[in-house]
Amino acid sequence: MNDILSELGWRNLVAQHTPELPEELAKGHVTLYCGFDPTAPSLHMGNLAQIVTMSRFQQLGHTPIALVGGATGLIGDPSGKNAERTLNTTDTVLEWVEGIRKQLEPFFDFSGSNACIMSNNYIWTHDMDVLTYLRDIGKHFSVNRMLDKESVSARLNGAGISYTEFSYQILQSLDFLELYRRHGCTLQIGGSDQWGNITAGTDLVRRVESAQVNGLTTPLVTKADGTKFGKTESGTVWLDPELTSPYAFYQFWINADDRDVQTLLRTFTFRTQEELAALELATAEKPQAREAQRALAHDVTTLVHGDHATAQAKAAAAALFGQGELRELDATTLDSAMREAPNAEVSLNGNAPTVSELLVACELVASNGAGRRAIAEGGVSVNNVKVTDENATVSADDFLHGKWLVLRRGKRTFGGISLIK
RNA sequence: GGCAGAUUGCCCGAGCGGCCAAUGGGAGCGGACUGUAAAUCCGUCGCGAAAGCUACAGUGGUUCGAACCCACUAUCUGCCA
């Protein structure tokens, strides 16, 4: 069995771990868990980093438990938040739980001796009565120590914290205890912001079960330009293809900064140290080819959305950004490319819509005035031909293959208009 | 609970009766330059083709005229209980 710690080590994926962890791993097999709270209808990049980390453990023979936080999602983790968050309704959270469970499944192997286990902390918390909670669990927590946790102390000095969120670390600790009892789980992993919650859990298991369990955190992914990783102008990049299209997802990785691409490859792909060294060399020698970004985008999009969607996203990118003449693209390629871009339908019915109206229709600009402005600034093209007249209109002849009109705003924002008869 | 102050566009922040759709900065967007990059420079940045319309926490008022004055409401921040 390969050593998971050295694997994570060369990838710079270890922020902190409990001192006893190497000893535990030396025994061979561990069962580990990571929690995913339903704070949104879909998982996002931060979650993906943990999923991939768990996957690395599973590939080396360890047993992963993917825990969906049906209970903790109802409470709200104060970690990394500078203000109390609004509670989501129970119905909403339970709906998200189901969606997130389905999203997690494809990443893991559910067969073999180290098959992945899916769990949900709602199971052991929803009917626990308050006296049991206070006597059996709460008794093991020192408020003094809870106040010392970064996630709590930051809030005490700032916007304050409710009892609900203050209790979050207790619930997460209870999860570790339950998973230890039910599945012999002896390791919890998470982002470095979870360190406080994880150690609260190892403390609880030690007190209640007199057992040594461990924690490991991965560094938060940061970007060289200081902006938040996992966000674009249009918001969070989600794993759900309904929320972030595979095309947009692919583009997100393709656009990675040279300075960040190695870190991202180490964190999100399974490429070997040798392959990454080769890509690093490629970036240094021929940065404009962006080989590393292409490898990154290919691997991660395939991991999340599969081969087919990745091929489509690539074809779309090649079609839109390629040097080739758009009119020479075959109908099928164009069709799949345009479906991936923001698009809208229009029926001509004898009238000729203006280009700026069409820009608004596929949400490339916020208003007609902004569209006209964009044209005046020389930033708009139709079928890769620059539009110079603010009042330009289109006719049926402009639609490629009688169906699609390719709108471009700026260098890399595309939209499609499909003609309906 | 009492007193004082604050609330301006995506964010910060000027304006304190007409010259205000509102200075300046940031973010965003477009162009040049590029590699679907970074940095830099230039332009732009409520809606509307325009007339004009809607906006300066909310509601009402004073005034020929209010982001600016008054009253009340809401929220926030100080000081005193």
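Lettering follows sequence order; numbering is per chain, from 1.
Here the C1' atom of nucleotide B:A38 and the CD atom of A:Gln288 are 14 Å apart, to the nearest Å. Protein atom CZ of A:Arg372 is 16 Å distant from nucleotide atom P of B:G46, rounded to whole Å. Spacing between atom CG of A:Leu359 and atom C1' of B:G30 amounts to 12 Å, rounded to whole angstrom units. B:G30 atom C1' lies 12 Å from atom CD1 of A:Ile375, rounded to whole Å. The interatomic distance linking A:Glu390 (CD) with B:G48 (P) rounds to 12 Å, in whole Å. One atom, CZ of A:Arg412, and another, P of B:G35, lie 14 Å apart when rounded to the nearest Å. One can place CD of A:Glu285 at 17 Å from P of B:G35, the figure rounded to the nearest angstrom. Rounding to whole angstrom units, CZ of residue A:Arg408 and P of B:G30 are separated by 11 Å.
B:G17 and B:G52: their C1' atoms are spaced 24 Å apart (whole Å). Remark: the separation of the P atoms in B:G30 and B:G5 is 46 Å, to the nearest Å. Straight-line distance between the C1' atoms of B:C79 and B:G15: roughly 28 Å, to the nearest whole Å. Rounded to a whole angstrom, the distance from the P atom of B:C70 to that of B:C16 is 15 Å. Using C1' as the reference atom, B:A57 and B:C76 are 11 Å apart when rounded to the nearest Å. Taking atom P on both B:A39 and B:C29, the two are 13 Å apart, rounded to the nearest angstrom. Nucleotides B:C69 and B:U7 have their P atoms positioned 10 Å apart, rounded to a whole Å. The P atoms of B:U23 and B:U59 are separated by 24 Å, rounded to the nearest whole Å.
If you check B:A39 for Watson-Crick or wobble pairing at under 3.5 angstrom, you find it has no partner at all. Figure legend. B:A27 is base-paired to no nucleotide; pairs are counted as Watson-Crick or G-U wobble with both atom distances under 3.5 Å. Using N1 to N3 plus N6-O4 or O6-N4 for Watson-Crick, or N1-O2 and O6-N3 for G-U wobble, each under 3.5 Å, B:C69 pairs with B:G61. Across all strands shown, B:A51 forms no Watson-Crick or G-U wobble pair with both key distances under 3.5 Å. B:A14 makes up no base pair with any nucleotide shown, lacking Watson-Crick or G-U wobble contacts both under 3.5 Å. The nucleotide B:G78 finds its pairing partner in B:C3, both defining distances of the Watson-Crick or G-U wobble pair being shorter than 3.5 Å. Here B:U34 sits opposite no nucleotide as a Watson-Crick or G-U wobble pair (both hydrogen-bonding atom distances under 3.5 Å). Look at B:C56: it lacks any Watson-Crick or wobble partner with both distances under 3.5 angstrom.
Residue whose closest nucleotide on RNA chain B sits further toward the 5' end, between A:Asp257 and A:Lys411: A:Lys411. Ranked by how close their nearest RNA chain B nucleotide is to the 5' end, A:Arg290 and A:Gly410 are led by A:Gly410.
Atom CD of A:Glu291 is surrounded by 12 or fewer heavy atoms from other residues, nucleotides or ligands within 6.0 Å. When the shell of 6.0 Å around CZ of A:Arg207 is examined, it contains more than 12 heavy atoms from other residues, nucleotides or ligands. Residue A:Glu363 qualifies as open at atom CD: its count of foreign heavy atoms under 6.0 Å is 12 or below. Counting non-hydrogen atoms of other residues, nucleotides and ligands closer than 6.0 Å to CD of A:Glu98 gives a total above 12. Residue-environment remark: CG (A:Asp307) stays at or below the threshold of 12 foreign heavy atoms within 6.0 Å.
Cation-pi geometry between A:Arg409 and A:Phe414 is not satisfied (NZ or CZ under 6.0 Å from the ring centre, within 45° of the ring normal).
For A:Asn368, no side-chain nitrogen or oxygen approaches OP1 or OP2 of B:C47 to under 4.0 Å.
Listed candidates were B:C29, B:A37, B:C47. Nearest to the side chain of A:Arg409 is B:C29. Ranking B:G35, B:U44, B:U36 by closeness to the A:Asp258 side chain, first place goes to B:G35. Between B:A38, B:U36, B:U44, one nucleotide has an atom nearer to the side chain of A:Arg259 than all others, and that is B:A38. The side chain of A:Arg373 approaches B:C47 more closely than any other nucleotide in the set B:A49, B:A37, B:C47. Comparing B:G48, B:U44, B:A37 against the side chain of A:Glu377 picks out B:U44 as the nearest. The A:Thr413 side chain lies nearest to B:G30 when the options are B:G35, B:G48, B:G30.
In this structure, A:Phe249 has its ring center at least 6.0 angstrom away from the ring center of A:Trp238.
Under the 30°/60° scheme for interplanar angles, the aromatic rings of A:Phe166 and A:Tyr163 are found to be tilted.
Scanning atom types as modelled, no donor and acceptor separated by under 3.5 angstrom connect the side chain of A:Gln293 and the base of B:U36.
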